[in-house]
Amino acid sequence: MIKKIGVLTSGGDSPGMNAAIRAVARVGALEGLEVYGIYNGYKGMVDGDIELLTRDHLSDVLDRGGTFLGSARLPEFKEIEVRKKAVEQLQKHGIEAVVVIGGDGSYRGAAALTKMGINCIAIPGTIDNDITSTDSTIGFDTALNTVVDAVDKLRDTSNSHHRCSVVEVMGNRCGDLALFSGIACGAEIIVTAQTGFDEIEVLDALKEFDISKKKKHAIVIISEKITDVESFARKVSQFTGFSGRATVLGHVQRGGSPTPNDRVLASRMGEKAVDLLLQGIGGQCVGIQKGEVVGVPIEEALNIPRVSRKDLKNLFDRLV
Ligand code: ADP
């Protein structure tokens, strides 16, 4: 039976990571485990930046965005020699298993560590909803709320000025944040890696909204890394009746107090991660599928294809 586990947050942070850490530590303590916080992701693991989590660390963190353990990227963690140093540090502290909260990169680190004898369970902490083994990642709901709040405000001012707001949202090649926010905000156009981007087609559609549908404003939501939204907004001004304005929401989407849904999801996933480790299971990631929290082997999870979301795109097209 294991006695000591570690918990860390890695990669891009997301609201709700604190709630997940708290659940791991509280459930772990209740099950008689000593739970150690590993600071700044795999970097802190290699550096031995590790400390026992007490009730003091965990009070007042549930509603706080970010991660009190800090997060970092350590590309060198792909090298076995670097991971060996991490394993030595864990052994020095007597830590036998680790919960890793992060995105798919962090999952790969967790799988690699498990192969070296440290059982790891990964929890999906990312606003991008780009982990295919779970219906929802921790932070997605909060980021969606942030985007909807911002776009609602942009719509007010766009309306007054016959403007087209071109809004870039995050997603890391996953269109969910754009698609869900587009439906929730009543956007005119959504562009994601999945829909593809034909600039002429979008400009023509905007002309049509202006002339035939007599819209006073238009909202175009575009996933990041698809086009330069500033330059596209200039083309909107040039080629359509709207005045185009670009807004890049950027890191504001990563912050804020987690929504109740994200807090509950994080708590459920933290609990499941500890339960799996107590059963002696490693190399799995926790996900929510059809309302149930499940464990899936990481290697399998990383190969699950993304759902097409054709149904949601069709719905959007019927609502415009
Ligand atoms: P995210 O977890 O948000 O996807 P990254 O892709 O930056 O963020 O990954 C976070 C960290 O996970 C990396 O900085 C690195 O330390 C570790 N990592 C990523 N890929 C691997 C890999 N193939 N093997 C071992 N560790 C990895």
Side-chain angles (χ1 to χ4, degrees), residues 6-18 20-21 24 38-50 65-67 69-90 97-134 136-140 142-143 169-177 193 223-225 250-251 253-255 258 262 265-266 269-270 273 282-287 296-304 306:
V7 56
L8 62 82
T9 48
S10 163
D13 68 343
S14 72
M17 280 184 159
N18 281 326
I21 300 165
V24 169
I38 301 168
Y39 288 92
N40 304 315
Y42 295 120
K43 184 174 182 311
M45 193 184 268
V46 174
D47 295 344
D49 200 355
I50 297 170
T67 158
L69 287 177
S71 188
R73 292 199 159 92
L74 181 71
E76 305 88 290
F77 203 69
K78 289 177 192 159
E79 297 160 23
I80 184 137
E81 291 310 317
V82 175
R83 291 202 300 278
K84 273 186 189 161
K85 277 192 210 152
V87 172
E88 276 166 29
Q89 290 286 5
L90 293 174
V98 178
V99 177
V100 171
I101 306 163
D104 59 347
S106 306
Y107 275 37
R108 289 190 172 86
L113 265 182
T114 302
K115 283 196 184 125
M116 295 169 74
I118 304 287
N119 269 351
C120 292
I121 298 293
I123 293 182
T126 163
I127 65 159
D128 297 323
N129 215 31
D130 60 342
I131 307 245
T132 48
S133 54
T134 183
S136 194
T137 57
I138 298 168
F140 174 65
T142 307
V169 302
M170 285 185 164
N172 188 30
R173 311 300 294 168
C174 170
D176 284 7
L177 207 45
S223 294
E224 63 184 346
K225 298 175 189 164
H251 279 78
Q253 296 162 92
R254 287 249 192 101
D262 271 332
L265 183 65
M269 288 182 167
Q284 288 203 1
C285 54
V286 173
V296 180
I298 294 175
E299 316 266 351
E300 202 180 289
L302 291 172
N303 288 313
I304 299 174
R306 180 163 303 163

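Numbering of ligands and ligand atoms starts at 1, following listing order. These numbers come from a predicted model, not from an experiment. For this chain, numbers begin at 1 and follow the sequence in order.
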**Message:** Quick check against the 3.5 Å criterion: does S223 have a side-chain atom that pairs as donor or acceptor with the backbone of A193?
**Reply:** no
**Asked** Under a strict 4.0 Å criterion on non-hydrogen atoms, which protein residues are in contact with ligand 1?
**Response** S10, G11, G12, Y42, R73, L74, P75, F77, K78, G103, D104, G105, S106, R108, G109
**Prompt:** What pair of heavy atoms forms the shortest contact from T137 to N129, and how long is it?
**Reply:** N-OD1, 2.9 Å
**Asked** Would you say the side-chain atoms of E76 pair up with the backbone N or O of V82, donor to acceptor, closer than 3.5 Å?
**Response** no
**Asked** If we only count heavy atoms from C-beta on, is the M45 to L74 side-chain gap below 4.5 Å?
**Response** no
**Prompt:** M170 and side chain to side chain contact (heavy atoms under 4.5 Å, CB included): which partner among L177, D130, T126?
**Reply:** L177
**Fill in**
The single option from K78, K85, K84 that satisfies salt bridge (Lys or Arg N to Asp or Glu O under 4.0 Å) with E81 is K84
